[in-house]
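Below: one structure, written as structure tokens.
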Amino acid sequence: MNVAHYDAIIVGSGAGGSAAAYGLASAGQRVLLLEKGRELPRDGSTLDVDKVIRQGIFKSKEPWLDNQGRTFEPEEYFNLGGKTKWYGAALARFDPHEFEAEPAHQCLPWPMAYADLAPYYEQAEALLGVHRFEPEPDLRAIVGKLTRNGAGWDARPLALALDPRIVEHPEEAAHFDAFASVRNLKADGQHALLERVQHLPNLTILTGQAVHDFVADPDRPERLVGVRAENGSEFRADSVLLAAGALHSPRLLQSYLTSSGLAERLPCARTVGRNYKCHLLSAMVAFSATPKTDLLRKTLLLLNERFSHSSIQPLGFDGELLSTLIPGFVPRWFARALGHRAYGFFLQTEDGSDPANRVIAKTNGARYPQLDYDPARLPAALAEHRRLVCDFGRSLLKIGLPAAAKAIPLAGTAHACGTLVAGRDPQTSVVDANGKVHGLDNLYVVDGSVLPRSSRVNPSLTIYAWALRVAERLQQRERLA
């Protein structure tokens, strides 16, 4: 039986997978994109608060173990476009200094400088139609008071992957943060990148194809010849690009290194799955005596020099959504009333890297994979985040807005990264500056697992940019071969 052969197979269709597919396919490469999930429906259900938030019907529901052996379900999504369909559309660049090591905060260095990624930031911003919106009246009033109270808060416009026409569709504008757009008013990986190239004869997209393992050259396990799906199907290619996400890509690689015997031979094998990062995250809801009527809300980024690894952005949540953050013991009618008089904020602090924070594949008969993450291993980051939450709460109270905060638990994996970390040394990193796994001939990683640092802002734009860069470098390598 003849098996179709491709220049590249991409496993996963999130930010990294969609960007790599766009870059390679538009350059004429024969590309196969394999996605575990299916395409999302366009019947409006992805904007339904009950279905999306309360029932969580679009989440993966995959059981994991935490570091105490307790089961939980990470908030992962298996669908075409991956988590980009559900992200909050904040696409900020990392600052140049955030590509450097910072030992006091346990931050690893990138194997390249900001300038090396800058052209790909520009390309990603153009492809995704990054836009900045004027702050709306309620937020303008809140931020005006915050920046004038002497606490050091500074507001900057927040780059968003939103079509300016979204304000003409209130049901979308109020439900873009953690929801999937029906009208393509949010630029996600599928809409902004895959749809640009899906008509090309050299790009094949297959959904419902969960990759189970790699297929290696029988004489040389360092070289892959393709992948094998859970249904037994095999696909062949000159190169394989992992884009399954920071929780899933390392599990595929761990399993392969173990079964092939390379776990004992490749120095990078010891680092696979380690250095898990996810930002330290808290949601804060501020309450007012008057109703809040802003629509988008999420238009500004708040920074403070006293919290150099942290940022704050408004949640793009309307009153209905904010009411879901109020504890369940509060009567729902009262929670809804409070929600319509509330404004939400998302507080995030860059966590450092610790090898003990890691993803562990199902091994030795384990029933579920494990996510062993303890922020206590990152004392500098934990201390800064605690100070951030307390300080911002006090700042809000001073301007007449009492607030309550809730830490995002381990299941909140929206910013997961770091588990196949990029670096120069195979002893302490997994991939090189071109995205290739140390010691393997043709396996590349293009998702957030490569990020040595996650900055103080959302990582999506950097993942897009990294994948575009890897795709271009891979083309150059193929031309020279």
Side-chain angles (χ1 to χ4, degrees), residues 14-16 19 83-84 86-100 102 107 110 113-135 139 143 147 153-164 166 176-178 186-189 192-193 277-283 296-305 307-316 344-351 381 384-385 388 392 408 414-418 447-448 450-469:
K83 286 191 282 189
T84 72
W86 305 96
Y87 64 11
L91 295 183
R93 298 189 186 194
F94 291 7
D95 287 334
H97 74 272
E98 291 172 324
F99 285 74
E100 301 170 2
E102 191 175 343
C107 292
W110 283 71
Y114 171 87
D116 297 310
L117 204 61
Y120 307 96
Y121 271 141
E122 294 175 6
Q123 185 183 3
E125 288 166 342
L127 289 167
L128 292 152
V130 168
H131 191 77
R132 291 168 176 81
F133 294 80
E134 288 294 320
L139 181 60
V143 170
T147 55
W153 297 106
D154 177 49
R156 299 181 187 177
L158 183 60
L160 295 169
L162 295 179
D163 189 312
I166 196 171
F176 73 87
D177 195 355
K186 179 167 68 175
D188 53 65
L193 296 169
K277 295 163 62 69
C278 57
H279 282 133
L280 300 180
L281 304 170
S282 294
L296 288 175
R297 303 192 180 209
K298 190 175 180 175
T299 56
L300 292 175
L301 188 71
L302 285 167
L303 303 174
N304 194 313
E305 290 183 358
F307 309 104
S308 58
H309 303 89
S310 303
S311 70
I312 298 173
Q313 55 192 253
L315 286 167
F345 295 91
F346 191 55
L347 287 64
Q348 59 187 38
T349 300
E350 179 180 12
D351 48 345
E384 177 170 325
H385 190 70
L388 175 74
F392 191 63
I408 304 300
H415 297 184
C417 56
D447 59 31
V450 303
L451 302 187
R453 294 193 60 170
S454 56
S455 172
R456 58 185 174 182
V457 296
N458 310 42
S460 296
L461 183 68
T462 300
I463 299 170
Y464 283 121
W466 167 270
L468 290 170
R469 183 178 185 272

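Fair warning: this is a prediction, and the values are worked out from it, not measured in the lab.
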* **Steps toward side chain to side chain contact (heavy atoms under 4.5 Å, CB included) verdict (Leu347, Leu281)** => CA-CA 6 Å; Leu347 287 64; Leu281 304 170; over 6 Å; no

* Within the side chain of Lys186, is there an N or O that forms a donor-acceptor pair under 3.5 Å with the backbone of Phe176? -> yes

* Asked: Do side-chain atoms of Lys298 reach the backbone of Asp177 as a donor and acceptor pair under 3.5 angstrom?
  -> no

* **Under-4.0 Å salt bridge between Glu102 and Arg453** => yes

* To do: Output yes when Asp95 and Arg456 qualify as a salt bridge under the 4.0 Å nitrogen-oxygen rule, no when they do not.
  => yes

Taking the side chain as everything from C-beta on, heavy atoms only, tell me whether [X] gets closer than 4.5 Å to [Y].
X: Leu158; Y: Thr299; answer: no
X: Trp110; Y: Leu451; answer: yes
X: Val143; Y: Leu302; answer: yes
X: Leu461; Y: Arg93; answer: yes
X: Thr349; Y: Leu388; answer: yes
X: Phe94; Y: Leu117; answer: no

* Determine, step by step, whether Trp466 and Tyr121 satisfy the side chain to side chain contact (heavy atoms under 4.5 Å, CB included) criterion, reporting the C-alpha distance in whole Å, the side-chain angles of both residues, the deciding distance to 0.1 Å, and the verdict. => CA-CA 8 Å; Trp466 167 270; Tyr121 271 141; over 6 Å; no

* Taking atom types as modelled, find out whether His385 and Ser282 have a side-chain donor-acceptor pair closer than 3.5 angstrom. => yes

* Going through the distances and angles, do Glu350 and Ser310 end up as a side chain to side chain donor-acceptor pair (under 3.5 Å)? -> CA-CA 6 Å; Glu350 179 180 12; Ser310 303; over 6 Å; no

* **Centroid-centroid under 6.0 Å between Phe392 and Phe345 rings** => yes

* To do: Report yes if the distance between the aromatic ring centroids of His131 and Phe133 is under 6.0 Å, otherwise no.
  => yes

* To do: Apply side chain to side chain contact (heavy atoms under 4.5 Å, CB included) to Phe307 and Ile312, showing your working.
  => CA-CA 10 Å; Phe307 309 104; Ile312 298 173; over 6 Å; no

* Asked: Are Ser460 and Thr84 close enough, and set up right, to give a side chain to side chain contact (heavy atoms under 4.5 Å, CB included), and what steps lead you there?
  -> CA-CA 8 Å; Ser460 296; Thr84 72; 5.7 Å; no

Check [X] against [Y] and note the closest heavy-atom contact, atom names and distance.
X: Ile463; Y: Ala15; result: CG2-CB, 3.9 Å
X: His415; Y: Asn458; result: NE2-ND2, 3.6 Å
X: Ala467; Y: Ala19; result: CB-CB, 3.7 Å
X: Ala161; Y: Leu91; result: CB-CD1, 3.4 Å

